[in-house]
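One structure below.
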Amino acid sequence: MNPYEFVETHRDAFLDELKEFLRIPSISTLSEHKPDIRRAADWLRQHFEQIGLTRTEIIESAGNPFVYAEWLGAGPDAPTVLVYGHYDVQPADDPDGQWKTDPFEPVVKDGSLYARGATDDKGQTFTQMKAVHGLLAAGQMPVNIKFIIEGEEESGSDHIHGFVRENPDLLKTDAVIVSDTSILSLDQPSIVTGLRGMTYLEIEVQGPDHDLHSGMYGGVVQNPAQALVHILAAMHDDQGHILVPGFYDRVRVLSDAERTELAKVPFSLERLKDETGLDTPWGEPEYQMHERLGIRPTLEINGLVSGWTGEGAKTVLPAKALAKVSCRLVPDQDPKEIESLVRQYVTSITPPAITSTVRRLHDGMWAVVDPDSPYMRAAVRAYEFGFGAPPVFMREGGSIPIVGTFQKVLDAPVILMGFGLPDDNLHAPNEKFSLECFYRGMKTAIKFYQEVGAL
Ligand code: BES
Ligand code: ZN
């Protein structure tokens, strides 16, 4: 049986295994899920062993453990590929009842598997694992393979950078594969050539030393919620330009030729409407939507808390207010420099009666990958084979912080071999993974390893 026949005849069994993996609520941002993080790592390690990888390990870190697995049976003269993925998932809290099914009880509906982590990133990591399973089962694995799967990507990838820097020999590879992005559609596959970086901050403002009656003190005590809103409102002008001094200084200006190339994959109003329900876009008017997502930085408020938000009214003058703010960064911005610029700006616009504190939660570099490496050309041929159409290149607005570190430390090309779809609802209610993407993804990945073996 060849690898393609193997994965095709085992579709149902694979789906059951993936469901088992998805039932583990391995949410890295919530500490009460630590035991689930461990269970997901154990499940993975065991599965690697089951599908024939010869060395499988849980590697402890100061944060969540890594799962490492390898099969080096192709021999020292064959190329080596390192696959990266993450087994942690986003929270699936559901205050407004937006999930139509239980996020941790996977269900197949209309050709898609619904669960938290279905596409991001358990389903996509699993797709790579099962492609390798098919090749090993068929006795036709043409390359050496290593997997490094982490458990804190969704909370900032704090510990993997150090691990990669300290273990370049263990992770030594000719190319890195990451399946944690999306394609444009089933008919139009795409390969991501750029990801944005990030600086994630928390801004807290404090006024009086405890909450006060708003009638007894309103008018003489400055309201911290009001002060925070004032600070946040000063972050953008009416057109969406960021007002933090120096914020854009290092943003690389693309040539007309580069802009023309990127314009081949525009972001349409129709897509905006389909995916968000909105017909009015927002943002820097001098850039097209695909540019605002791909090559322009942003500053977003991700959360805002202060005062009374429970049922009914409470006339309180809150002592504190807090905002979570993240900046998506592009070449050649530096995450630490952006943090310092935002800090200085917040300090300079904080009203005198208020104290403000800015804390960094995490940060990570942007990444741009080489569209011309032999490995990328192998990936292009593999998508053509798996999806029946040649892939287009595009920039992605999201972030995968480890990609830049892989490029630098391992000195190997990174291929962002995504199999998600734009409407997969990652980080949102009703996350899904199209079964067609799963099947075509396995076919694409198998073909990729065969192409790389023939390089
Ligand atoms: N899989 C995503 C990255 C991504 C986002 C790919 C959107 C394609 C489209 C990844 O798991 C993710 O969400 N990363 C975080 C990283 C952050 C916490 C540093 C992100 O982009 O918010
Ligand atoms: Zn992800």
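Remember, it's 1-based here, ligands and their atoms both numbered in the order they're listed. Numbers here are sequence positions counted from 1.
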Exercise for the section: Establish, for the pair K122 and F21, whether the NZ or CZ atom is under 6.0 angstrom from the six-membered ring centre and no further than 45 degrees off its axis. Expected result: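 Yes, K122 and F21 form such a contact.
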Distance-only N or O hit between ligand 1 and [X], under 3.5 Å:
X: S155; result: no
X: H427; result: yes
X: T181; result: no
X: S182; result: no

For [X], which residues count as a side chain to side chain contact (heavy atoms under 4.5 Å, CB included) partner, sequence neighbours excluded?
X: S155; value: S28, T29, E152
X: V368; value: P331, W366, R395
X: E270; value: S268

Which atoms of ligand 1 are found less than 4.0 Å from any heavy atom of [X]?
X: M198; result: 17 (C), 19 (C)
X: P401; result: 19 (C)
X: R328; result: 20 (C), 21 (O), 22 (O)
X: E154; result: 11 (O), 12 (C), 13 (O), 18 (C)
X: H86; result: 11 (O)

Exercise for the section: Kindly determine whether F6 and H10 satisfy ring-ring contact (aromatic ring centres under 6.0 Å, His included), including the steps that lead there. Expected result: CA-CA 6 Å; F6 184 85; H10 289 80; 4.0 Å; yes
Practice task
Identify whether the distance between the nearest side-chain nitrogen and carboxylate oxygen of R39 and D36 falls below 4.0 Å.
Solution key: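 So R39 pairs with D36 through a salt bridge.
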Exercise for the section: Heavy-atom distances under 4.0 Å are what count here, so tell me which part of R196 touches ligand 1: side chain, backbone, both or neither. Expected result: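 Neither; no heavy atom under 4.0 Å.
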Practice task
Examine the proximity of ligand 1 to D120 and report which part, side chain or backbone, both or neither, has a heavy atom under 4.0 Å away.
Solution key: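 Contact part for D120 vs ligand 1: side chain (C-beta onward).
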Exercise for the section: Check the pair R38 / E60 against salt bridge (Lys or Arg N to Asp or Glu O under 4.0 Å), numbers first and verdict last. Expected result: CA-CA 10 Å; R38 175 76 38 185; E60 300 299 334; 2.8 Å; yes
Practice task
Could you tell me whether K109 atom NZ has more than 12 heavy atoms of other residues or ligands within 6.0 Å of it?
Solution key: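 More than 12 heavy atoms, drawn from other residues, nucleotides or ligands, come within 6.0 Å of this atom.
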Handout entry: Selection from I402, D180, V178 by shortest heavy-atom distance to atom 4 (C) of ligand 1
Key =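 Of the listed residues, D180 has the closest heavy atom.
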What is the closest protein heavy atom to [atom], and at what distance does it sit?
atom: atom 10 (C) of ligand 1; value: E153 OE2, 3.2 Å
atom: atom 7 (C) of ligand 1; value: E396 OE2, 3.5 Å
atom: atom 15 (C) of ligand 1; value: S399 O, 3.6 Å

Exercise for the section: Go through F419 and F438 one step at a time and tell me if the ring-ring contact (aromatic ring centres under 6.0 Å, His included) criterion holds. Expected result: CA-CA 7 Å; F419 299 127; F438 179 33; 9.6 Å; no
Handout entry: Test log, rule salt bridge (Lys or Arg N to Asp or Glu O under 4.0 Å), inputs E284 and R292
Key = CA-CA 7 Å; E284 298 176 290; R292 291 180 223 156; over 6 Å; no
Problem - Parallel, tilted or perpendicular, as decided by the 30° and 60° cut-offs, for the rings of H47 and H133 - result: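 Rings of H133 and H47: perpendicular, as their planes differ by over 60°.
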Handout entry: Ring centers of Y4, F385 separated by less than 6.0 Å
Key =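 Ring-ring flag for Y4/F385: true, centres closer than 6.0 Å.
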Practice task
Indicate, with yes or no, if the rings of F147 and Y68 have centres closer together than 6.0 Å.
Solution key: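 No, the ring centres sit 6.0 Å or more apart.
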Exercise for the section: Check whether any heavy atom of H362 sits under 4.0 Å from an atom of ligand 1. Expected result: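 So H362 counts as touching ligand 1.
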Exercise for the section: Could you pull out the closest heavy-atom pair between F247 and C327, with the gap in Å? Expected result: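 That would be CE1-SG, 3.9 Å.
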Handout entry: Under 2.8 Å from the Zn ion (ligand 2), the protein N, O or S atoms, given as residue and atom
Key =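 Hits for the Zn ion (ligand 2) below 2.8 Å: H86 NE2, D120 OD1, D180 OD1, D180 OD2.
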